[in-house]
Amino acid sequence: MVFTVYNSLTRQKEPFQSLQAGTVRMYNCGPTVYGRAHIGNMRAYLFADTLRRWLEYRGYAVQQVMNITDVGHIQADADEGEDKIEAQAKKENKDPWAISRGWTELFFKDLQALGVRPAMIYPKASDHIPEMLEMIDGLLAKGYAYQVDGDVYYEVGRFPAYGRLSGNKVEELDAGARIEVREEKRHPADFALWKSDPRHLMKWKSRFGEHGFPGWHIECSAMSRKHLGNRIDIHTGGEDNIFPHHECEIAQTEAFTGQPFANFWMHCKFLQVDGGKMSKSLGYVWNLDDIRARGFDIRALRYCLIRGHYRAPLNFTWEILKESVSALSNLDDLVVRLRNASRGMGASASAEDGLEEVSDLIAEFESGMDDDLNTPRALAALFQLRTAVLEGRLGVSAAAAALQFVLKANSVLGVIRTEEANLAAEVEALIAARQEARKRKDFKESDRIRDTLLAQGIVLEDTPQGVVWKQKG
Ligand code: AMP
Ligand code: ZN
């Protein structure tokens, strides 16, 4: 079977092949650390995580790098304006370094809560200023960049492939909506590699002056090159990264190295909330604490964000999250039932029964994932497996094979509860919390806990011996 991915660069699905057999070098655009990551950002990180897990399932060693942008990302992705981190620092009357440090820590906690596998390294932009300056020097020497006082710009007209990724044409990129005209630029689409500004709080000395800082795009070119080399296999981000960010990264890296940069560019579609763009003014910018505050497990959010295809529109609503809770509890239940059937409980008479159906469903899961990470197709195969075990079609051997497979499939999905002991411990903890709430006469809370358990298929019964629980059959 061949893993096929949609390449934004060629606008078609292509068989995946790595530069070096058995290894994948992948760079994911990471957060700009000036605020709490929202669930839209999480969609982008979970897409990268699923991709990495699928590559590992297929036997590749993945060298994954995700950057932390802690300087140089100007509001509206432009050259002129305020640095996002400094603007936040001023708002909070704090040091910009403290701002980026604090949000970076929380970013890691959020990734951990979501069960994202850690990248090989999370390089910080501010730790890579010499590598950026080296590239800027090279681009100047090769005539791709020009200096105006303390600023250095990339001259897009010098790079004929500029626009290949986004479909934008240099001649059409005039004084457009997102690109502001500066007289010192030779063309409105030229972008900053280095800016001088004594008022900027995070600044470095260079041959261009005492007080300078890098452009956002050069950061990713330099960090990717430093940690993964001149050429990489895959570069990912959200769809907003295609232009200008990734277009500019390609122009910088390829002009500097003289080699193709990433072979595959993959972008996830934006998450919407309640049918619209996530917007601070409308209050629809949910983060992990909002999810917890409404009584949801972060595991349910993970499921909710990966169950749709990464290139399909995804609209987040609380209703959909609730549906995810019950779909996920069916997957948890699948494991319980397969475990039971593999021990003879609820299994069909002959051990061999259902072996063929199981192997067909395994093939369906794998070909779904091989088809550009089609998670809905892959998940549908798991739900069919549940029907097979519910209807008693699987014998002991088929159930055991299916169980092994579901555990392996979960190394990619990372959402199913597979441990017998964990389930009991979590349920017992919730029951204890419910008893506490009842003692306090907080019946709203005790009902909420009961409903949470019910949504996971756990029914509570009050008996003279205390509360007992069982899974709905
Ligand atoms: P930022 O911190 O704004 O630089 O964004 C970090 C990552 O999240 C980038 O790869 C963005 O493309 C991605 N991203 C931002 N908003 C969304 C969204 N609503 N849906 C999916 N990805 C997003
Ligand atoms: Zn980037």
Side-chain angles (χ1 to χ4, degrees), residues 28-38 40-42 44-45 65-111 119 121-136 149-153 178 180 182 191-224 226-227 237-238 240-241 244-245 248-249 252 278 280-281 285 287-289:
N28 313 123
C29 278
T32 304
V33 278
Y34 68 104
R36 184 75 182 268
H38 54 63
N41 301 130
M42 296 309 168
Y45 307 138
V65 175
M66 182 180 283
N67 67 290
I68 304 285
T69 298
D70 59 353
V71 63
H73 194 169
I74 304 298
Q75 283 165 341
D77 293 357
D79 277 352
E80 292 299 313
E82 255 194 304
D83 185 308
K84 292 187 180 192
I85 289 161
E86 293 202 357
Q88 188 63 27
K90 279 182 204 150
K91 220 194 267 172
E92 293 185 36
N93 200 17
K94 274 191 185 159
D95 172 46
W97 298 106
I99 293 285
S100 62
R101 227 181 2 256
W103 292 119
T104 304
E105 273 169 31
L106 208 49
F107 168 70
F108 290 137
K109 280 198 188 132
D110 283 348
L111 288 193
I121 186 167
Y122 292 92
K124 275 197 305 202
S126 61
D127 287 338
H128 294 74
I129 302 296
E131 288 83 356
M132 297 175 207
L133 287 168
E134 181 199 345
M135 284 187 91
I136 295 170
D149 303 324
D151 299 341
V152 184
Y153 292 102
R178 300 188 75 184
E180 72 297 344
R182 290 209 75 204
F191 58 90
L193 297 169
W194 190 261
K195 300 281 293 175
S196 285
D197 182 354
R199 289 162 309 167
H200 208 265
L201 302 172
M202 297 172 287
K203 54 198 173 194
W204 290 264
K205 192 173 160 175
S206 73
R207 71 178 173 98
F208 312 114
E210 282 296 310
H211 309 288
F213 63 96
W216 173 39
H217 316 308
I218 195 69
E219 298 179 354
C220 284
S221 281
M223 286 186 273
S224 168
K226 162 96 188 260
H227 298 285
D240 64 323
N241 285 156
H245 190 47
C248 297
E249 277 188 48
Q252 296 163 153
M278 248 187 288
K280 278 200 176 128
S281 57
V285 187
N287 62 40
L288 262 51
D289 287 339

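Everything quoted here is computed from the prediction, not taken from an experiment.
No donor-acceptor distance shorter than 3.5 angstrom exists from the side chain of Ser100 to the backbone of Asp70, with no hydrogens or angles considered. At distances below 3.5 Å, at least one donor-acceptor pair connects side-chain atoms of Gln252 with backbone N or O atoms of Ile218. Of the possible polar contacts, one joining the Ser221 side chain to the Glu249 backbone as a donor-acceptor pair under 3.5 Å is found. Panel note: side chain Asn67, backbone Pro123; no donor-acceptor pair is recorded below 3.5 Å. Between the side chain of Asn287 and the main chain of Ala37, no donor-acceptor pair closer than 3.5 Å is present.
With sequence neighbours excluded, no residue forms a side-chain hydrogen bond (donor to acceptor under 3.5 Å, both in side chains) with Lys124. Listed by chain and number, the residues in a ring-ring contact (aromatic ring centres under 6.0 Å, His included) with His245 are Trp216, His217 (sequence neighbours excluded). For Lys91, there are no salt bridge (charged side-chain N to carboxylate O under 4.0 Å, His left out) partners, not counting sequence neighbours.
Nearest approach of Phe191 to Asp79, heavy atoms of both residues: CA-OD2, 3.3 Å. Contact record, Gln75 with Ala87: NE2-CB, 3.6 Å, taken as the closest heavy-atom pair. Nearest heavy atom pair, residue Pro96 against residue Ile85, reads O-CG2, 3.7 Å. Closest of all the heavy-atom pairs between Asp83 and Gly72 is OD2-N, 2.7 Å. When all heavy atoms are compared, the tightest approach of His200 to Val71 is CE1-CG2, 4.1 Å.
Here the CG-CH2 distance, from Leu133 to Trp194, works out to 4.5 Å after rounding to the nearest 0.5 Å. To the nearest 0.5 Å, atoms CG (Leu193) and CD1 (Ile136) are separated by 5.0 Å. Atom CG of Leu201 and atom NE2 of His211 lie 12.0 Å apart (nearest 0.5 Å). The CG atom of Asp95 sits 9.0 Å away from the CE atom of Met202 when rounded to the nearest 0.5 Å. A distance of 8.0 Å separates CG of Asp197 from NZ of Lys203, quoted to the nearest 0.5 Å. To the nearest 0.5 Å, atom OH of residue Tyr45 and atom SG of residue Cys29 are 9.0 Å apart.
Atom NZ of Lys94 is surrounded by 12 or fewer heavy atoms from other residues, nucleotides or ligands within 6.0 Å.
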| message | Quick one, Asp110 with Phe107, criterion side-chain contact (heavy atoms from CB on, under 4.5 Å). Give me CA distance, side-chain angles, the key distance, then yes/no. | response | CA-CA 5 Å; Asp110 283 348; Phe107 168 70; 5.6 Å; no

| field | Trace of the side-chain contact (heavy atoms from CB on, under 4.5 Å) decision for Ile68 with Glu219 | value | CA-CA 10 Å; Ile68 304 285; Glu219 298 179 354; over 6 Å; no

| task | Step by step, work out the side-chain contact (heavy atoms from CB on, under 4.5 Å) result for Met132 and Trp204. | result | CA-CA 12 Å; Met132 297 175 207; Trp204 290 264; over 6 Å; no

| said: side-chain contact (heavy atoms from CB on, under 4.5 Å), that's the test. Do Tyr122 and Thr104 meet it? Break it down for me. | reply: CA-CA 10 Å; Tyr122 292 92; Thr104 304; over 6 Å; no

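Aromatic ring orientation, His128 versus His227: perpendicular (interplanar angle above 60°, classes split at 30° and 60°).
The pair Arg199-Glu82 does not meet the salt-bridge criterion, since no charged nitrogen lies less than 4.0 angstrom from a carboxylate oxygen.
Taking the side chain as every heavy atom from C-beta outward, Ser126 and Trp97 approach each other to under 4.5 Å.
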